[in-house]
Amino acid sequence: MQLDKSTILGYLKNLGHHDDATKAEAELPDKIDTDKDTGLLSKFGIDPSMLSKLGGTGGLMDKAKGLFDR
C-alpha cells in the first residue's frame, strides 16, 4: 500500500512519538510503500500491518478527510 509521508507523521504524532516524527520527516520519502519500506518503517517502531487501517479507500484517513473543516 502507498501512503503519503504526512500520514506516517500524523500516525507517529498521534501516538505521542514526536521525536520519531521529526526524524521520520527528514528520513522518509514523500511516498511510502508499506511492502517495500518495511525496514525503514520499523526504524520508527511502525508495524506496517497497523498502517493498513489508516490508508486506502475506506481507511481511517479517508473517512476523516474534512472532518475538522468548517
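Everything quoted here is computed from the prediction, not taken from an experiment.
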Within this structure, what is the [atom1]-[atom2] distance for the pair [X] and [Y], rounded to the nearest 0.5 Å?
X     : Y     : atom1 : atom2 : value
Asp37 : Gln2  : CG    : CD    : 8.0 Å
Leu9  : Asn14 : CG    : CG    : 11.0 Å
Thr34 : Leu40 : OG1   : CG    : 12.0 Å

From the list Leu3, Asp33, Ile46, side-chain contact (heavy atoms from CB on, under 4.5 Å) partner of Leu41 resolves to Ile46
Residues 12-25 vs salt bridge (Lys or Arg N to Asp or Glu O under 4.0 Å), sequence neighbours excluded, gives none
Heavy-atom closest pair (Asp4 atom, Ile32 atom, distance to 0.1 Å) is C-CD1, 4.0 Å
* To do: Might you work through the side-chain contact (heavy atoms from CB on, under 4.5 Å) test for Leu28 and Phe44, ending with a clear yes or no?
  => CA-CA 10 Å; Leu28 292 176; Phe44 300 104; 4.1 Å; yes
Sorted by chain and number, sequence neighbours left out, side-chain hydrogen bond (donor to acceptor under 3.5 Å, both in side chains) with Glu27 holds for Lys43
